[in-house]
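Down below is the structure, laid out as structure tokens.
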Protein chains: 2
Amino acid sequence: MIKRKSIRKIVFDNFIKKFKESNLKITPQRIAILEQVLSSQGHPSAEEIYNKIKKSYPNISFDTVNRTLLTFADIGILDIVEGTGDVRRFDPNDKSHHHFRCKKCERIEDFYYEDYDKLEIPENIKEKFNIKKIRVILEGICDKCISSYSSSETDSNP
Amino acid sequence: MIKRKSIRKIVFDNFIKKFKESNLKITPQRIAILEQVLSSQGHPSAEEIYNKIKKSYPNISFDTVNRTLLTFADIGILDIVEGTGDVRRFDPNDKSHHHFRCKKCERIEDFYYEDYDKLEIPENIKEKFNIKKIRVILEGICDKCISSYSSSETDSNP
DNA sequence: GTCTAATTAATAATTATTACTATTTAGGAA
DNA sequence: TTCCTAAATAGTAATAATTATTAATTAGAC
Ligand SMILES: [Mn+2]
Ligand SMILES: [Mn+2]
Ligand SMILES: [Zn+2]
Ligand SMILES: [Zn+2]
């Protein structure tokens with residue numbers, strides 16, 4: 001019990017340290033947003049996080065939430081999910097992972113696969129660019145959508 | 001000379017075939033958009049394509065261009081670039097490839113690397129999902145931005 | 001405690017994307 | 001070929017998402 005709490009505190013303090021390193025002031029708003037984000041599941045939009053925070057912090061402004069989330073992404077506390085031109089979604093999962101995306105329902109699912117974390121970087125890329133992160137997205141049709149998926153589009157011989 | 005032209009025609013005719021297979025009517029607008037897209041470099045937005053088409057087709061509407069591009073993406077003529085919540089960008093490059101993205105200037109560069117095309121799919125994903133496409137995104141800082149990149153952010157011992 | 005630059009709330013403004021509707025048209029049938 | 005109809009388009013309008021503005025507040029340095 002005590003141990004669990006102290007681990008949580010350590011994680012939290014680490015983020016506070018990051019704030020300071022990045023010369024960001026520690027404001028009640030940022031704390032509230034950080035806490036909300038750390039307890040979020042899935043890939044929430046700024047609006048979703050805003051709505052949850054409003055319950056405990058009724059007069060926070062949307063702009064502050066959005067701006068802060070982008071700031072968090074900047075300093076590496078958060079990630080932004082790779083999308084296809086829809087609303088921006090944030091990723092509070094700090095463990096190294098990758099995504100499956102369903103082309104039908106746009107569901108985005110985390111998965112873990114170490115092989116993908118340590119892919120070899122092609123030489124010509126290595127020369128020109130300083131690579132910080134490898135993202136793999138597996139795209140297809142999810143189990144829930146597969147049944148309603150038109151058979152004409154199935155990989156079958158013509 | 002003749003050969004080059006005939007190859008181009010074959011490519012074009014293939015797309016027309018796709019139209020028909022998908023029960024899409026062959027309209028002058030769709031032809032114009034297809035031609036514009038096939039001759040596009042990089043990763044244009046709907047607006048960019050719209051502006052180019054307007055020169056030869058002055059009263060085409062933006063909605064038609066945008067809608068058609070999405071339709072093209074649907075039937076697999078085009079791809080949509082994985083973004084981070086900014087304007088949607090299309091990908092006319094039909095060769096199997098992957099992307100490098102610069103975190104500073106948002107530059108997106110194509111690269112080819114066969115190893116990435118045939119990555120192994122983890123078993124638990126294979127069971128639940130029907131994977132159609134593997135995308136790898138290498139994220140980092142590009143050569144043009146590296147010089148202006150704050151040295152404090154460089155991977156060095158503290 | 002004082003001071004100042006950073007941050008915020010509360011908008012407003014701008015973009016981006018999608019929806020609506022009267023009109024036109026592609027393509028199949030007669 | 002001509003006729004017919006569902007699909008597609010032009011020309012907006014509406015909505016949604018993102019960013020900007022500004023006066024007021026405040027965190028943190030001194
Ligand atoms: Mn994730
Ligand atoms: Mn590309
Ligand atoms: Zn699905
Ligand atoms: Zn760059």
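So you know, we letter chains A, B, ... as the sequences are listed, proteins then strands, and number each from 1. Quick caveat: nothing in here was measured; it's all calculated off a predicted structure.
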Phosphate-side-chain proximity, [X] and [N], N/O vs OP1/OP2 below 4.0 Å:
{"X": "A/R88", "N": "C/dT17", "value": "no"}
{"X": "B/S61", "N": "D/dT9", "value": "no"}
{"X": "B/R67", "N": "D/dT9", "value": "yes"}
{"X": "B/R89", "N": "C/dA16", "value": "no"}
{"X": "A/T27", "N": "D/dA27", "value": "no"}

Measure the distance from [atom1] on [X] to [atom2] on [N] and round it to the nearest whole Å.
{"X": "A/D63", "N": "C/dT15", "atom1": "CG", "atom2": "P", "result": "16 Å"}
{"X": "B/K25", "N": "C/dA26", "atom1": "NZ", "atom2": "C1'", "result": "5 Å"}
{"X": "B/I75", "N": "D/dA8", "atom1": "CD1", "atom2": "P", "result": "11 Å"}
{"X": "B/F62", "N": "C/dA19", "atom1": "CZ", "atom2": "P", "result": "13 Å"}
{"X": "B/F72", "N": "D/dA8", "atom1": "CZ", "atom2": "P", "result": "11 Å"}
{"X": "A/Y50", "N": "D/dA16", "atom1": "OH", "atom2": "P", "result": "16 Å"}
{"X": "A/N66", "N": "C/dT8", "atom1": "CG", "atom2": "C1'", "result": "14 Å"}
{"X": "B/Q29", "N": "C/dT24", "atom1": "CD", "atom2": "C1'", "result": "10 Å"}

Using a cut-off of 4.0 Å on non-hydrogen atoms, how would the nucleic acid contact of B/N59 be classed: base, sugar-phosphate, or nothing? sugar-phosphate

Which part of the nucleic acid, if any, lies within reach of B/P58 when heavy atoms closer than 4.0 Å are counted: base, sugar-phosphate only, or nothing? nothing

Can you tell if the side chain of B/E82 reaches within under 4.5 Å of the side chain of A/T84, non-hydrogen atoms only?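 SC-SC contact between B/E82 and A/T84 ruled out.
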
Are A/D94 and A/D79 packed together at the side-chain level, in the sense that at least one heavy-atom pair is separated by less than 4.5 angstrom?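 They are not in contact (no side-chain heavy atoms under 4.5 Å apart), so the answer is no.
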
If you compare all heavy atoms of [X] against all heavy atoms of [Y], which two are closest, and at what distance to 0.1 Å?
{"X": "A/G42", "Y": "A/P92", "value": "O-CD, 3.2 Å"}
{"X": "B/F62", "Y": "B/Y50", "value": "N-CE1, 3.4 Å"}
{"X": "B/E109", "Y": "B/R107", "value": "OE1-NH1, 3.0 Å"}

Of the nucleotides D/dT19, C/dT17, D/dT18, which one has an atom closest to the side chain of A/L70?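 For the A/L70 side chain, the nearest candidate turns out to be D/dT19.
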
Want to settle it: does A/E47 or B/I60 sit nearer the 5' end of DNA chain D, counting the closest nucleotide to each? B/I60

Contact nearer the 5' end of DNA chain C, comparing B/A46 with B/I26: B/A46

